[in-house]
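Just so it is clear, the model here is predicted, and its values are computed rather than measured. Heavy-atom basis, side chains included; hydrogens, waters and symmetry copies ignored.
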Amino acid sequence: MEQVRERPVLDVSGLPSVAFGKSNTTWLANVLYMMIEGTMFALLFASYFYLRTRTDSWPPVQDPPLLTYGVINGIVFLLSLIPARYAQKVAPTGDRGRIRLALTGLALFAIVNMVLRGFELANLNCRWYDNAYGSIMWSLIGLHTGHLITEFIETVSILGIAFTPKMEGTRLADVAINSDYWYFVVGSAVLMDFIIYGTTRFL
Amino acid sequence: MIAASSPMHAAAVLASFFQGEHNSLHPAGPFSSNIEWLYWVIFWIVFVAFVLTILAFARASAKTYSRAEEMLPIMKDEEGDRKTKWAVGTAITVTVLTLFAVLFMSVITGKKVEGMSSSNPVTIQITGHQWWWEVIYPNPQADQTVITANEIHIPVGKPVVILTSSADVIHSFWAPSVHGKRDLIPGYSSAFWIQVDQPGTYPGRCAEFCGLQHAHMGFSIIAEDEATFEAWEQQQLKPAPDPTDAEAQHGREVFLTHTCVMCHTIRGTDAGSRVGPDLTHLASRNMIAAETLPNTTGALAGWIVDPQRIKPGNKMTPNPLAPDDLNALVTYLRTLQ
Amino acid sequence: MAISEPIVLPHATDEVRLARTWAQPRGFWGWFMNVHHTAIGVRFMVTSFIFFLLGGVLAAMIRLQLSRPENHAIGPDLYNQIFTIHGSTMIFLFAVPMMFQGFGVYVVPLICGTRNIAFPRLNAFSYYIYVVGGLLLWVGLFLKTGADAGWFAYTPLSGPQFTPGKRSDFWAQMITFTEVSALGVAICLATTILRQRAPGMTLNRMPIILWEKLVLSFMVIFAMPAVMVVSSMLLMDRTINTQFFNPANGGDVLLYQHLFWFFGHPEVYIIFLPGAAIVSTLVPVFARRHIFGHLAIVTSVVATGFLGFGVWVHHMFATGIPQMSASFFTAATLMIVIPTAVQFYCWIATIWNGRLQMKLPMLWVFGFFFVFLIGGLSGVMLASVPVDWQVHDTFFVVAHFHYVLIGGALFPMFAGLYYWIPKITGRMMSDLLGKVHFWLFFIGFNMTFFTMHFLGLRGMPRRVYTYPPEMHWGGLNMLASVGALFMAAGLIVFIVNFFQSKATGTLAGPNPWAAGSLDWATSSPPPEYNFAELLTVNGREPLWDNAPNQPIVSGVRDDIPEVLITNSLDSEPQHKDEMPGASIWPFLTSITVSIAFIWSIFSPWGIAYGAIPVVITLIGWLWPRGHSPAPRQPALEGRWSK
């Protein structure tokens, strides 16, 4: 006869296999990723102010960037928070129709943002090879544009998944996390706009 | 072959550890002396810290060492840990206080090393180039401005201001017996004091990696009494005399008709390029090629013909001259006292 | 309770099913699809060790050239490439990939008590991208157009005007590759440590090595972007004519140094802290007791992480900055000595009130104590601005950083290798060969690098390909070069020991050191599912502290690769996550990303065109797959809650 020993057990079989919010590990990864990219922005901002101290006037020889497109794009960015927030609210419900609506709205806003960004680039009134001022301005707006494009592609990809039955479970949480990244894009846009359009006029 | 060819030689080499005038621990002036003092103070502090820590490790190990082959059972020593807490706390406190002391002494020494004042000090502008030192004694009047290269003369016992800049990449001006180093940074200018209290020649080297010939970018500071220094200055201000003998005249002609004039100035002739060192008083210097070669006829000839062999990658092209031309040129250059 | 006792009932899991579920594919393509952390961790360790040996060969060439004055073994162009690539290899291709990525990826999930690292595909991708970066740097050397401006590549020397050709471009882009790799692993490790610890492993009970890897992950997150920014600025100056570092056009040479060292100083703590954590892991095992001052050590590790970001200007003391600013950084640099001193005192105390068993790993720990102590103390000297003015950029500094890096990372690395290789391969290494290795290396190291303190004080600057005989540096240089031979001999002994013991060493069993952490709660080597049973934890050293009837976890499925997710503070179970299985997409994505990065060195459009295949492979990676037959649970109703 075998000796049978009993042992206590911590039973986790009842736990869910989908998590929304900060329990979700992808949410954490996104936060860490935003810390990385946020640090990159912060360092570019610091370099911008540092370079300012190395010259007498700012911009040194050029005109400041044209305000128009920057302001309009800033407003569009702020308005885009609406579909982003809506996506976060409907994601836990699993309603694919609403999710598709929210993501389509977000994607359309992103397209408008990108088009306006094109006009912003054409009206920066400086080139990256002019001087260090031009270089840092283009780097700032270039880094942000990279994020804008990446986030657009991500939104469209998730939108694609929303047309398939695979949009369930953890993928729903991904919809919500995507909005978090969009908030980062909008937040960094606001800061960057302040630097590019604001400080060039009073520093 | 091996540098030390015998045990006696090796001993002599090892014994020469701290000799020479290119040595942070062999100061020749107030600035390097202050730094040397601070160095030794911190050294002895960290030496004591080292000995105490090693002793603590040794004692701990000896006290509890076990030769057991198999892993022993886990133990606990709460009484010992309680007593040790006090010891660790004390050690941390002593560490913090010691570090404060080091900080305090560093700041004080830093102030001593920085602060100096003098009316009308000799001022020298040093501009770093790949791979030589442009040395200018600025003066509002152009004909009172000494321009030379690599060899710096200063009056002994008096404070001197060094102004720094760079024409290309970052260099670093460092004569260890005289002072700590200061980087020469393009786009920046900085100023610091030096002073040498004993007459002599104090070698220095570039101390910031600056490319292919960083290893051969030396300079020297020659500290001499006031009279000698002023005589040197006066001599340096004179333009080059016209050569009197025929060979030297031919040599000047060689100089003026070859690529030399693309880079070098000899005041008193038409050659006025500032790309390379000013040669007006070349023959007055102890060494050439940024303290790489002695200033002798043979070395000079070899350098002119093939500088790439001695300092590969430097900016001076080879000059394959006919022997007559070369001899004449060297003869001329040696008249540039 | 000893975990190795046969457990009869109840079985929470079926090992046969677990093995099938967690099996990684075999075969040639299978190798590129493996996403298990032990496999990837071993790859990081092996690859970084190979780079270590390559860097060592370059070091030997340096010592050969410097052994005699006016030596003509190696000319200035090749020499400049050699010392640049030596330093860059050791820092970027060896130290971080071994200490942070290699040890971290292998050991952390085991010590957490989980079955795989978080984001296994990102982890795999990080490995491949690191390899490409390393190859890029070395291909440059073999094509005789290697980076040659030093491992920190100061401008303007490294810029377009003074380094034409591709040289610095290879260096700058290698940085991008290795930085992306480190960041990827940082995300994986931080998530694993925060969310996948065994139930019961509260923050208070979390082992020091997990604290250190967590701190390190955040250091990487905040430091690596700085080097990414500065190397990109350099690359842009060189390729598309930006003017960041051109003083003639509003740019600034010192901007480079500030940005670089803002990364560079934390980088060396990123290299040292893992060494200290290995010591904090091994000392309790070989003093047979819990570590003294656990809380003090954890606080010190965290403090070092923060303070490491506040000292960078001490690399710039000779640039002419104002005394006041410089003194602030002297104070910060001296302050950072304190947490390290605290750790030293706690280690001494642990041994003092313990029972020291000087097994082979512990011998290397003692080597660390001696060597790193000297390096740290010479650092105290360097912290002082006036002293630094004399010894900065001389062989004194070369001596200092080799003492802290080799002492602080390499000695603990060997300690960790001798400690964990039995877990990885299942066999013990030879004690005798290990001791021979130690003494050869220890003697050789001190012979080479202690000598350099004197050379620096006597005026020998760094990065010189030769020196004149009149300086009387020849004897000391020859001594330093001979030491290198001893070190090389020691390394050969280690390699022989490794291969020999892998083949015929004594079987290690699950816990040859009778250690207390969860990595020793499974067989050696661990199965691909890591643990037969998932354990809960009752103390800082689970295998020493767990109750006789410590509960095991049940309810995590064994038919799909599922892990338990716990919360950060208390490690209470929250939910379960299905891990992705083996996948070729990380490898394919590393190819497309590499193409984009390398293309961009040659043309600015490289990023734009190269991005298209990257997007395709990323979509392939992230596209959800069908999975296990069991139905997934329905989505939660209700409001979005954070």
Do [X] and [Y] have side-chain N/O donor and acceptor atoms under 3.5 Å apart?
{"X": "C/Q323", "Y": "B/K111", "answer": "no"}
{"X": "B/S189", "Y": "B/S165", "answer": "no"}
{"X": "B/S177", "Y": "B/N23", "answer": "no"}
{"X": "C/Y345", "Y": "B/T95", "answer": "yes"}

So for [X], is it side chain, backbone, both, or neither that comes closer than 4.5 Å to the heavy atoms of chain B?
{"X": "C/Y467", "answer": "neither"}
{"X": "C/Q257", "answer": "side chain"}
{"X": "C/M335", "answer": "neither"}
{"X": "C/E70", "answer": "side chain"}
{"X": "C/T155", "answer": "backbone"}
{"X": "C/P156", "answer": "both"}
{"X": "C/P512", "answer": "backbone"}
{"X": "C/F396", "answer": "side chain"}
{"X": "C/Y79", "answer": "neither"}
{"X": "C/A341", "answer": "side chain"}
{"X": "C/F83", "answer": "side chain"}
{"X": "C/N477", "answer": "neither"}

TODO: For this output row, return yes or no: ring centroids of C/H453 and C/Y403 closer than 6.0 angstrom.
DONE: yes

TODO: Assert yes or no for the condition that the ring centre distance of C/H290 to C/W544 is strictly below 6.0 Å.
DONE: yes

Task: Backbone N/O of C/Q65 and side chain of C/R68: donor-acceptor pair under 3.5 Å - done: no

- [ ] Among B/Q213, B/H171, B/K315, B/H214, find the residue that satisfies the side chain to side chain donor-acceptor pair (under 3.5 Å) test when tested with B/Q130.
- [x] B/K315

Task: Part of B/R182 within contact of chain C (heavy atom distance under 4.5 Å) - done: both

Task: Under 4.5 Å from a heavy atom of chain C, the part of B/I185 involved - done: side chain

Task: Residue pair C/I351, C/F369: steps toward the side chain to side chain contact (heavy atoms under 4.5 Å, CB included) verdict - done: CA-CA 13 Å; C/I351 300 172; C/F369 288 145; 4.2 Å; yes

Task: Within 45° cone of C/F152 ring axis and under 6.0 Å: C/R463 NZ or CZ - done: yes

TODO: Specify which of C/G516, C/A149, C/S378 makes the most heavy-atom pairs with chain B at under 4.5 Å.
DONE: C/A149

